[in-house]
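Just below is one structure, and these are the notes that go with it.
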Amino acid sequence: MAALPDKHETVTLDTFLRGLWQENPVFVMLLGMCPTLAVTNSAINALAMGLASTFVLVMSNSLVSMMRNFIPKQVRIATYIIIIATFVTMVDYAIQAISLDLYNALGAFIQLIVVNCMILGRAEAYASKQRLGATIINGLGIGAGFTFALLCLGVVREVLGAGTLFGFVLFGENFQPWVIMILPPGGFFVLGAWLLIFNWFRDRREQAERDLAEVQNER
Amino acid sequence: MSTTDTQSVTQPTPAFNMLRTLGLVATISGLLVVLSYRITLPMIEHNKQMAIERALFKVIPGAISRKNFEIVNNKIQPSGDKPQGIALYAGYDANGQLKGVALEAAAAGYQDVIRILYGYDPYCQCIRGIEVLKMAETPGIGDKINKDRNFVKNFEALEARPHASGKGLQNAIVPVKHGSKTEPWQIDAISGATISSTAVARMLNDASQQYVPIIINNLSVLENQE
Amino acid sequence: MNADSVTFIFLNAAIVNNFVLAMFLGICPFLGVSAKRETAWSMGLAVIFVMLVSSISAYGINWILQTLNIEYLRLICYIAVIASAVQLVEMTLKKFSPALFRALGIFLPLITTNCAILGVALFQTSREYNFVQSVSFSLGAGVGFTIALMLMAGLRQQLELAKVPSISQGAAMTLMLAGLLSLAFMGFAGLGASHG
């Protein structure tokens with residue numbers, strides 16, 4: 001891996017939007033799958049997990065970006081891990097201070113943000129080469145993409161599996177919840193279904209581009 | 001990481017640099033962690049107290065204040081800074097009268113361990129309420145142990161009388177099939193969630209067999225704590 | 001303290017609450033390294049090994065931290081210990097068993113970011129397991145991971161011959177399969193209850 005000092009990216013709207021759609025960490029890059037599946041049995045858990053991960057991502061990557069010229073190559077991974085673990089510990093205490101119920105619902109998965117490959121991956125691939133501003137914007141974008149993906153799962157699973165959304169009852173008394181959706185298998189099924197939808201969209205777009213190219217070639 | 005990097009071979013970073021960076025990062029992270037720990041500690045303590053009290057006042061009807069005790073070597077003593085034995089909470093009403101004690105109990109349920117807090121009234125010698133602290137039972141089936149009205153009714157006055165010999169219970173707490181409860185020490189199981197119901201019965205029986213005689217024998221310790 | 005029996009902990013971690021299919025730990029390697037049965041087997045062995053080592057070290061670390069009253073450094077210490085444990089295992093294997101190293105070698109660095117390993121350390125702490133319980137828990141988790149990985153690899157090898165729409169190839173199909181496996185594993189629930 002050639003760690004050539006890439007060109008510094010100029011901050012544009014795309015720096016942010018890319019993480020939301022084109023480089024969505026869950027649907028496109030398939031990173032950070034463990035929390036994606038484990039804590040999305042309700043929308044509120046998904047939201048909390050997304051926000052916590054975003055905070056850790058932005059803060060740790062900012063620090064990495066600020067220190068990018070001081071970190072010797074040989075110890076960079078160790079440094080990144082220490083930085084990430086620090087912010088995760090902070091988030092861990094913050095959530096305990098805000099709400100114990102939420103903390104118990106998320107369980108060990110708050111602390112497991114440390115090994116979310118998404119965060120280490122961004123530190124290595126982006127923050128270690130880019131300026132602070134670009135890193136923060138990009139981190140926010142990726143974080144928003146991650147939160148969005150988690151919410152996609154959490155909302156579907158909670159509505160189908162419990163008949164509620166953010167704790168509010170949606171359907172009448174006679175609604176029979178599809179319990180399997182908030183159980184572990186439901187996580188796999190719903191994520192699989194979302195991936196199918198995303199793949200289908202991508203396929204259609206690529207097909208459209210190919211058709212367009214053909215039409216232009218014929219002219 | 002076994003790939004040798006040509007760049008680092010030609011111009012090696014001095015060990016001093018690495019140590020400096022790691023030292024700096026470790027210092028920053030240590031500072032941040034200790035800082036956030038110190039700031040959040042009182043809030044977390046407060047939250048934990050609230051959680052215990054919320055559960056406690058639910059399982060001991062009429063209690064409005066509490067005191068922490070622990071069971072060490074079959075004796076009950078006020079708990080110190082470091083937990084030594086089994087935690088036991090005593091609940092008092094407005095006049096400082098002992099209303100009951102609460103203990104934790106646990107047993108393997110359908111999915112994972114079920115952990116509950118139960119309230120014991122030493123005057124009627126019965127269990128007055130349970131509150132599930134942690135469970136992973138199937139939603140809609142096993143998790144009814146928390147909500148099912150008929151099941152919760154079991155714990156309005158579930159008999160747990162100590163045996164005359166001072167060891168164990170006079171009548172063991174047992175689960176029975178739904179709708180066939182005849183004695184005050186029986187637990188009417190939820191139909192369709194037998195395993196979860198049985199687990200609750202078993203953990204209550206195990207805990208009571210062991211601790212009820214101790215509670216009755218040490219009642220004065222609990223009553224005198226104002 | 002925790003009164004769970006050693007067999008219950010082992011079975012619970014391996015089958016009833018399978019680390020991959022019920023607890024969602026170690027999904028990344030589960031999706032990434034489950035294409036072939038041979039690699040899945042090697043990966044499983046490597047994970048069992050590292051889990052055992054890191055579980056034992058985590059137990060020691062936790063004891064030290066508790067004696068010194070600095071539990072807030074737990075997470076940082078755990079991740080550092082696991083990273084170095086992986087390195088240590090790698091070096092030891094290289095020196096004493098080159099054959100095994102060749103089989104497991106490429107998977108070892110991957111294991112550092114396997115959340116199942118850190119998960120074992122964190123769960124054994126939060127459940128207050130004693131030493132024997134911790135060891136049995138880590139072995140159970142490792143065995144459970146290997147079982148899930150092997151089952152998945154077997155399925156995927158068969159699946160390569162099947163004709164499916166192009167959009168459902170890859171991760172989407174694997175996740176659906178994992179859902180079915182997870183559904184099947186739910187049938188094991190209640191194992192611990194009857195003779196716990």
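For the numbers below, each heavy atom of this structure counts, side chains included, while hydrogens, waters and symmetry mates do not.
Residues A/Met90 and B/Leu32 approach most closely at SD-CB, 3.9 Å, considering heavy atoms. Of all non-hydrogen atoms in B/Asn47 and A/Ser99, the two that sit nearest each other are ND2-N, 4.2 Å. Closest non-hydrogen pair, B/Thr21 versus A/Pro72, comes out as OG1-CD, 3.1 Å.
Atom CD1 in A/Ile84 sits 12.0 Å away from atom OG in B/Ser29 (nearest 0.5 Å). To the nearest 0.5 angstrom, B/Asn17 atom CG is 11.5 Å from A/Ile71 atom CD1. Put simply, CG on A/Asp92 and OG1 on B/Thr40 are 9.0 Å apart, with the number rounded to the nearest 0.5 Å. Distance CZ/B/Arg54 to CG/A/Leu100: 8.5 Å, rounded to 0.5 Å.
Using a 4.5 Å cut-off between heavy atoms, A/Asp101 touches chain B through its side chain atoms alone. Proximity to chain A (any heavy atom under 4.5 Å) is shown, for B/Leu35, by neither the backbone nor the side chain. A/Phe87 touches chain B through its side chain: at least one heavy atom from C-beta onward sits under 4.5 Å away, while N, CA, C and O do not. Only the side chain of A/Leu183 comes within contact range of chain B, with heavy atoms under 4.5 Å apart.
Within a 6.0 Å sphere centred on CZ of A/Arg131, heavy atoms belonging to other residues, nucleotides or ligands number 12 at most. Within a 6.0 Å sphere centred on NZ of B/Lys181, heavy atoms belonging to other residues, nucleotides or ligands number more than 12. When the shell of 6.0 Å around CZ of A/Phe70 is examined, it contains 12 or fewer heavy atoms from other residues, nucleotides or ligands. Heavy-atom contacts from other residues, nucleotides or ligands closer than 6.0 Å to CZ of A/Phe166 number more than 12.
Per-residue heavy-atom pair counts under 4.5 Å with chain B were compared for A/Ala97, A/Ala78, A/Ala85, and the maximum is reached by A/Ala97. Contacts with chain A were tallied for B/Lys48, B/Glu45, B/Arg20; B/Lys48 has the most, counting heavy-atom pairs under 4.5 Å.
Under the 4.5 Å side-chain criterion, counting only non-hydrogen atoms from C-beta, B/Val25 is in contact with A/Met67. The shortest side-chain heavy-atom distance between A/Thr79 and B/Leu22 falls under the 4.5 Å cut-off.
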